[in-house]
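Data block below; observations after.
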Amino acid sequence: DYDGETNGIFKVGTQKADAQLVLMSGDEEEVVRINSIGNVGINCTDPVVQPRGHLEVRGQTGSNSPGVLTLSTAHATIADGDRLGVINFMASKEASGTDALLAGASIEAVATDAFATDNNSTSLKFSTGASETATEKMRITSAGNVLIGGTATPTSSVGNLCLFNGTIPAASVANGV
């Protein structure tokens, strides 16, 4: 069913209440299923039933075959500071509006150097908000160092906890952490 006259929506469906949409591969294997309440299963014939709004990615049968969710960029040349993928947590339909509609938290992968044949240096940023867009509160660097309360070096301002190779550097302790 295509309603090109009014809004350009292509609809596939049935009037049956418990109907599901299934996409098959060329070899007749089920690859995607959208169940009757809108949950999506990838390589999964029985996506999570309740509540609504779930995405389940299931791996193949066998050991070391987990479900994988990949966030990627189509950018061909990655530079320092480029974002590779972001997961935002938000209440996009919150009725009170303004700050309530902003991302309350996010996890972001950020390149920390230009990518090359021998480099894909990336940090993970963890951000939370109170009454604003979520801002960075913790970072895990490509070296495995954890910076909590900011992204500055251990000689920076009071309030940052920097763990390097599992230890708190003396400079962090000297700063009152």
Side-chain angles (χ1 to χ4, degrees), residues 23 25 31-32 34 38-44 47-48 51-94 96-177:
L23 301 177
S25 67
V31 292
V32 176
I34 303 174
N39 292 333
V40 179
I42 299 174
N43 196 35
C44 172
V48 177
R52 292 186 98 127
H54 278 90
L55 168 65
E56 181 175 348
V57 181
R58 187 175 294 170
Q60 298 293 324
T61 303
S63 63
N64 202 21
S65 298
V68 176
L69 176 63
T70 301
L71 303 178
S72 65
T73 179
H75 194 63
T77 306
I78 302 300
D80 184 11
D82 283 352
R83 299 168 14 151
L84 305 177
V86 179
I87 300 171
N88 284 324
F89 302 89
M90 58 194 308
S92 61
K93 298 292 185 178
E94 169 58 41
S96 59
T98 62
D99 286 356
L101 299 175
L102 301 173
S106 68
I107 302 170
E108 182 176 346
V110 181
T112 56
D113 199 355
F115 278 27
T117 57
D118 61 348
N119 181 43
N120 65 347
S121 182
T122 304
S123 289
L124 274 181
K125 284 177 34 179
F126 296 83
S127 300
T128 58
S131 183
E132 73 280 336
T133 298
T135 58
E136 184 174 349
K137 303 299 189 302
M138 183 176 83
R139 182 180 294 229
I140 301 173
T141 69
S142 60
N145 297 325
V146 179
L147 305 129
I148 300 174
T151 59
T153 62
T155 58
S156 69
S157 63
V158 175
N160 292 340
L161 172 62
C162 304
L163 300 176
F164 291 88
N165 297 318
T167 62
I168 301 173
S172 288
V173 175
N175 282 334
V177 176

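The shown structure was predicted, so the numbers you read here are calculated from the model rather than taken from an experiment.
- Applying the side chain to side chain donor-acceptor pair (under 3.5 Å) criterion to Asn120, with sequence neighbours excluded, gives no partner residue.
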*Could you check Leu124 against Ile107 for side chain to side chain contact (heavy atoms under 4.5 Å, CB included), going step by step and ending with a plain yes or no?*
CA-CA 7 Å; Leu124 274 181; Ile107 302 170; 4.2 Å; yes

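- Every residue meeting the side chain to side chain donor-acceptor pair (under 3.5 Å) condition with Thr112, not counting sequence neighbours, appears here in chain and number order: Ser121.
- Not counting sequence neighbours, Thr117 has no partner by the side chain to side chain donor-acceptor pair (under 3.5 Å) test.
- For Ser96, the side chain to side chain donor-acceptor pair (under 3.5 Å) test picks out Glu94, with sequence neighbours left out.
- In this structure, Thr133 OG1 and Leu102 CG are separated by 4.0 Å, a value rounded to the nearest 0.5 Å.
- Pairing each heavy atom of Ala91 with each of Leu101, the nearest pair is O-CD2, 3.7 Å.
- For Leu71 against Gly85, the heavy-atom pair with the smallest separation is CB-CA, 4.1 Å.
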*Evaluate the side chain to side chain contact (heavy atoms under 4.5 Å, CB included) criterion for residues Lys137 and Ile148: first the C-alpha distance (whole Å), next the side-chain angles of each, then the deciding distance (0.1 Å), finally the verdict.*
CA-CA 6 Å; Lys137 303 299 189 302; Ile148 300 174; over 6 Å; no

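- Leu69 pairs by the side chain to side chain contact (heavy atoms under 4.5 Å, CB included) definition with Leu55, not counting sequence neighbours.
- Using a 4.5 Å cut-off on side-chain heavy atoms (C-beta onward), Asn43 and Val31 make no contact.
- Between Ile140 atom CD1 and Leu147 atom CG the span is 9.5 Å, to the nearest 0.5 Å.
- Donor-acceptor pairing under 3.5 Å is lacking for the side chains of Lys125 and Ser123.
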*Evaluate side chain to side chain contact (heavy atoms under 4.5 Å, CB included) for Leu84 paired with Thr122, printing each intermediate quantity in order.*
CA-CA 9 Å; Leu84 305 177; Thr122 304; 3.6 Å; yes

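- Distance check: Arg58 CZ to Ile42 CD1 gives 12.0 Å after rounding to the nearest 0.5 Å.
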*Verify side chain to side chain contact (heavy atoms under 4.5 Å, CB included) between Phe115 and Asp82, making sure each step is shown before the conclusion.*
CA-CA 10 Å; Phe115 278 27; Asp82 283 352; over 6 Å; no

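- Of the possible donor and acceptor atoms, none in the side chain of Glu108 sits under 3.5 Å from a partner among the backbone N and O of Ser106.
- A search for side chain to side chain contact (heavy atoms under 4.5 Å, CB included) contacts involving Ala134 returns Ser127, not counting sequence neighbours.
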